[in-house]
Amino acid sequence: MKYKTLDLSFYEHEDVTVVAQKLLGKLLCTNFGGELTKGMIVETEAYSGRDDKACHANGHKKTKRNSIMFAQGGHAYVYLIYGIHHLFNVVTNREGTADAVLIRAVEPVAGIDVMMQRRGLEKPEKRLTAGPGALTKALGITTDHYGTMLNSDIIWIEEGEPLPDDRIVAATRIGVDYAGEDALKPWRYYVKENPWVSRF
DNA sequence: GTTATGATTTACT
DNA sequence: GTAAATCATAACG
């Protein structure tokens with residue numbers, strides 16, 4: 001039972017960094033095979049295809065992998081990194097603009113036992129969902145869900161507790177050193193003093 | 001057809 | 001702190 005799925009217009013905002021900040025505190029939900037899991041988003045990163053070397057769609061270069069980023073906001077961009085980990089992104093902006101928000105960490109809210117089972121853990125330790133590759137495994141997200149709309153009944157995002165602006169911290173992104181000066185952009189956002197943020 | 005590599009995690013020296 | 005795991009995709013030839 002979902003109670004307040006975000007409207008698709010939420011994702012179509014023209015400034016991807018604004019959407020990245022607004023996503024903090026929202027609930028990322030999945031329902032695969034009747035196993036419901038929910039996690040509050042506590043860490044995000046913004047990527048823009050227009051002017052950002054760190055983005056897979058740098059320079060609006062369209063490839064098979066990133067083509068979903070050019071679709072309208074509200075699609076899920078899931079892909080495999082290092083042959084091991086799945087990363088989950090939310091596509092933003094209008095069709096033809098390759099902007100997306102990477103979800104880096106969530107705080108478990110519902111279906112924690114299912115998440116632990118998927119991760120092979122016995123206790124809800126911090127690494128259950130703290131990290132972009134870890135949270136997708138906990139929530140059961142794979143490349144099968146590439147291109148899924150976020151108002152579907154298997155993956156969606158709900159309105160969460162309102163998050164005061166002074167709880168949001170901007171920082172440089174992680175793991176994109178190769179992008180030169182674009183790696184210095186403060187496009188990473190996380191919830192202040194939340195223990196589930198991947199790196200402090 | 002072949003080769004290099006990454007928006008990472010984990011285990012080990 | 002450093003390195004290995006492991007594969008789809010991109011950039012060659």
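Letters A, B, ... mirror the listed sequences (proteins, then strands); counts begin at 1. Below, all heavy atoms of this structure are taken into account, side chains as well, without hydrogens, waters or symmetry copies.
- For B/dT5, the OP1/OP2 oxygens have no side-chain nitrogen or oxygen of A/Tyr178 closer than 4.0 Å.
- Counting non-hydrogen atoms under 4.0 angstrom, A/Lys61 reaches the backbone sugars and phosphates but no base.
- In this structure, the CG atom of A/Asn58 is 19 Å from the P atom of C/dT9, given to the nearest Å.
- Side-chain proximity of A/Arg119 to B/dG6, C/dA10, B/dT10: nearest is B/dT10.
- For A/Arg127, taking side-chain heavy atoms from C-beta onward, the closest of the listed nucleotides B/dT10, B/dG6, B/dA7 is B/dT10.
- If you measure from atom CG of A/Leu102 to atom C1' of B/dT8, you get 11 Å, rounded to the nearest angstrom.
- Among the heavy atoms of the strands lying under 4.0 Å from A/Ala134 are primed sugar atoms or P, OP1, OP2 only; no base atom is included.
- Atom-to-atom, NE2 of A/His86 to P of B/dG6 comes out at 19 Å; the value is rounded to the nearest Å.
- Using modelled atom types and a 3.5 Å distance limit, the side chains of A/Asn194 and A/Glu107 yield a donor-acceptor pair.
- Comparing B/dT8, C/dC7, C/dA5 against the side chain of A/Ile84 picks out C/dA5 as the nearest.
- Going from atom CG of A/Asn89 over to atom P of B/dG6 covers 17 Å, rounded to whole Å.
- The gap from the C1' atom of C/dA3 to that of B/dT5 amounts to 16 Å, rounded to the nearest Å.
- Distance NE2 (A/His85) to C1' (B/dT5): 15 Å, rounded to an integer number of Å.
- In this structure, A/Tyr146 reaches neither bases nor backbone, as no heavy-atom distance under 4.0 Å exists between it and the strands shown.
- For B/dA7, the OP1/OP2 oxygens have a side-chain nitrogen or oxygen of A/His56 closer than 4.0 Å.
- Across the strands present, B/dA7 finds no partner; the criterion is a Watson-Crick or G-U wobble pair with both atom distances under 3.5 angstrom.
- A/Lys53 and A/Glu181 are not joined by a salt bridge, as no carboxylate oxygen comes within less than 4.0 angstrom of a charged side-chain nitrogen.
- Under a cutoff of 6.0 Å and an axis angle of 45°, A/Arg167 and A/Tyr190 do not form a cation-pi pair.
- Relative ring orientation between A/His145 and A/Phe32 is described as parallel, the plane-to-plane angle staying below 30° on a 0-90° scale split at 30° and 60°.
- Taking the charged nitrogens against the carboxylate oxygens, A/Asp52 and A/Arg173 do have a contact shorter than 4.0 Å, which makes a salt bridge.
- Rounded to an integer number of Å, the gap from OH of A/Tyr82 to C1' of B/dT5 is 8 Å.
- Residue side chain A/Tyr47 meets the stacking definition with respect to B/dA7: its ring centre sits within less than 5.5 angstrom of the base's six-membered ring centre, and the planes differ by less than 30 degrees.
- Figure legend. C/dT6 is base-paired to no nucleotide; pairs are counted as Watson-Crick or G-U wobble with both atom distances under 3.5 Å.
- Taking only side-chain nitrogens and oxygens, A/Arg188 never comes nearer than 4.0 Å to OP1 or OP2 of B/dA7.
- For the pair A/Ile81 CD1 and B/dT10 C1', the interatomic distance rounds to 16 Å; values are reported in whole Å.
- In this structure, the CZ atom of A/Arg65 is 10 Å from the C1' atom of B/dT5, given to the nearest Å.
- Between C/dA10, B/dA7, B/dT8, one nucleotide has an atom nearer to the side chain of A/Lys64 than all others, and that is C/dA10.
- A/Lys26 NZ: more than 12 foreign heavy atoms inside a 6.0 Å radius.
- A close approach under 4.0 Å does not occur between any side-chain nitrogen or oxygen of A/Thr63 and OP1 or OP2 of C/dT9.
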